[in-house]
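Both counts, for ligands and for their atoms, begin at 1 and track the order of listing. Just so you know, residue 1 is the first one in the sequence shown, and it goes up from there.
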Amino acid sequence: MSALSEFSLIKQYFENITTERSDVILGIGDDCALLKCPEGQQLAVSIDTLVEGVHFLPDVDPVSLGHKSLAVGLSDLAAMGATPAWFTLALTLPELDQQWLAAFSKGLACLAKLHNIALVGGDTSRGPLSISIQVHGFVNAGDSLRRDGAKKGDLIYVTGSLGDAAGALAMKQGKLTKGVASEVEVNFLCQRLEQPTPRVEVGQMLVGFASAAIDISDGLVADLGHILHKSAVGAELDIEDLPISTALSALSTEAEHMALFAGDNYELCFTVPPKHKNQVQKKLKGQCQCTRIGTITGDDGIVFFKDKKLIKLSGFGYEHFSTGH
Ligand code: ADP
Ligand code: MG
């Protein structure tokens with residue numbers, strides 16, 4: 001390690017890199033941060049860890065890594081309808097690479113400023129590269145978007161497009177199954193994998209309108225499954241309605257499968273009672289793409305419709321269930 005001490009490393013790359021907030025009484029530099037929570041609000045808290053070789057490839061651009069490390073936490077806040085406020089960062093570094101630190105800090109600070117979330121503390125140690133970020137946000141008491149509120153008849157929506165991150169990974173591994181990627185398509189898919197957009201504003205807009213929400217980190221089927229389980233309901237999905245980007249469908253014969261089962265999306269999946277349908281569509285117009293993909297049912301599990309036929313989920317794929325529907 002170079003002459004740069006842990007103290008000056010923190011000062012140089014992590015102190016004062018985010019916007020100042022009046023609710024941070026004491027930020028980086030003491031044993032604890034001191035923070036002020038607004039009256040009548042609840043604190044939404046979530047932590048995620050990204051480990052090299054498990055959650056990201058060793059050659060990933062450090063600016064993107066800084067962005068993504070915070071984006072995954074912001075996505076959790078979005079899924080609760082919370083407003084971002086503060087975060088802490090536990091960084092384990094194999095070596096002191098100043099170029100890497102400057103780039104990582106830049107990616108982190110850029111997204112943090114966009115969402116007015118302040119870095120208030122952390123921990124720095126040496127070891128295999130790993131990044132843990134704990135995010136804190138506010139939500140009016142009783143207003144949060146939880147997983148357990150979906151009701152029979154509610155409409156199911158997702159933001160953005162699904163499966164792009166898996167497509168990007170397949171591309172990086174030379175496993176794409178169709179065509180030759182153009183530069184525009186390559187950039188789009190890489191951006192979706194490495195710099196996902198947390199749907200923070202959409203989450204906040206859904207407060208009071210959506211009956212349940214989750215962010216898609218493990219795949220649509222798995223994450224919608226959590227809503228269904230917690231809400232004790234089932235779902236019908238229309239395969240044709242899944243939002244799949246033109247880049248992904250141009251480059252993979254597996255696009256539909258990726259949209260259903262692949263993770264790392266950081267889009268929101270949410271349910272809306274029919275009476276709020278028009279308001280939600282109006283509110284989200286111009287925000288980001290939002291697609292209705294199905295309906296909540298009173299049954300157990302998920303059934304799929306494709307070409308007007310009922311299809312049943314099995315294991316990691318789906319199979320034709322009957323041809324008569
Ligand atoms: P302690 O030994 O009391 O835990 P540290 O020396 O680990 O204190 O940290 C000193 C200060 O720097 C603390 O306020 C801590 O929150 C902050 N800090 C340490 N590492 C980071 C980091 N990677 N990002 C932001 N703040 C950090
Ligand atoms: Mg410490």
For T297 and E236, which I'm curious about, is there any donor-acceptor pair between the side chains at under 3.5 Å? no
Sub-4.0 Å atoms of ligand 1 with respect to non-hydrogen atoms of F14: 24 (N), 25 (C)
Subset of ligand 1 atoms that lie under 4.0 Å from at least one heavy atom of E6: 6 (O), 7 (O)
Can you give me every donor-acceptor pair (side chain of residues 74-90, partner residue at least two apart or in another chain, under 3.5 Å) with its distance?
{"unit_1": "S75", "atom_1": "OG", "unit_2": "D215", "atom_2": "OD2", "d": "2.7"}
{"unit_1": "D76", "atom_1": "OD2", "unit_2": "S46", "atom_2": "OG", "d": "3.0"}
{"unit_1": "W86", "atom_1": "NE1", "unit_2": "D23", "atom_2": "OD1", "d": "3.1"}

Decide whether an N or O pair under 3.5 Å exists between V120 and ligand 1. no
Which ligand 1 atoms are under 4.0 Å away from a heavy-atom of D30? 13 (C), 14 (O)
Any non-hydrogen atom of E15 lying under 4.0 Å from ligand 1? no
Part of L89 with heavy atoms under 4.0 Å of ligand 1, whether side chain, backbone, both or neither: both
Any donor-acceptor N or O pair under 3.5 Å, side chains T295, R292: yes
Check: V45 main-chain N/O paired with H136 side-chain donor or acceptor under 3.5 Å: no
Among L101, I10, D123, which residue places a heavy atom closest to atom 7 (O) of ligand 1? D123
Using distance only, find each side-chain donor-acceptor pair of residues 150-161 under 3.5 Å and give its atom names and separation, not counting sequence neighbours.
{"unit_1": "D154", "atom_1": "OD2", "unit_2": "K151", "atom_2": "N", "d": "2.9"}
{"unit_1": "D154", "atom_1": "OD2", "unit_2": "S211", "atom_2": "OG", "d": "2.7"}
{"unit_1": "Y157", "atom_1": "OH", "unit_2": "Q281", "atom_2": "NE2", "d": "3.2"}
{"unit_1": "T159", "atom_1": "OG1", "unit_2": "E267", "atom_2": "OE1", "d": "2.5"}
{"unit_1": "T159", "atom_1": "OG1", "unit_2": "L268", "atom_2": "N", "d": "2.8"}
{"unit_1": "S161", "atom_1": "OG", "unit_2": "D164", "atom_2": "OD2", "d": "2.5"}
{"unit_1": "S161", "atom_1": "OG", "unit_2": "R192", "atom_2": "NH2", "d": "3.4"}

Check ligand 1 against I28 and write out every atom of the ligand that is under 4.0 Å from a heavy-atom position of the residue. 12 (O), 14 (O), 17 (C), 25 (C), 26 (N)
Is the backbone of E240 close enough, under 3.5 Å, to the side chain of D238 for a donor and an acceptor to pair up by distance? no
Quick one: which of G29, S125, G121, S132 has a heavy atom closest to atom 25 (C) of ligand 1? G121
What are the atoms of ligand 1, with element, lying closer than 4.0 Å to any heavy atom of D31? 3 (O)
Hey, which of L111, D264, D61 is the one that makes side chain to side chain contact (heavy atoms under 4.5 Å, CB included) with K68? D264
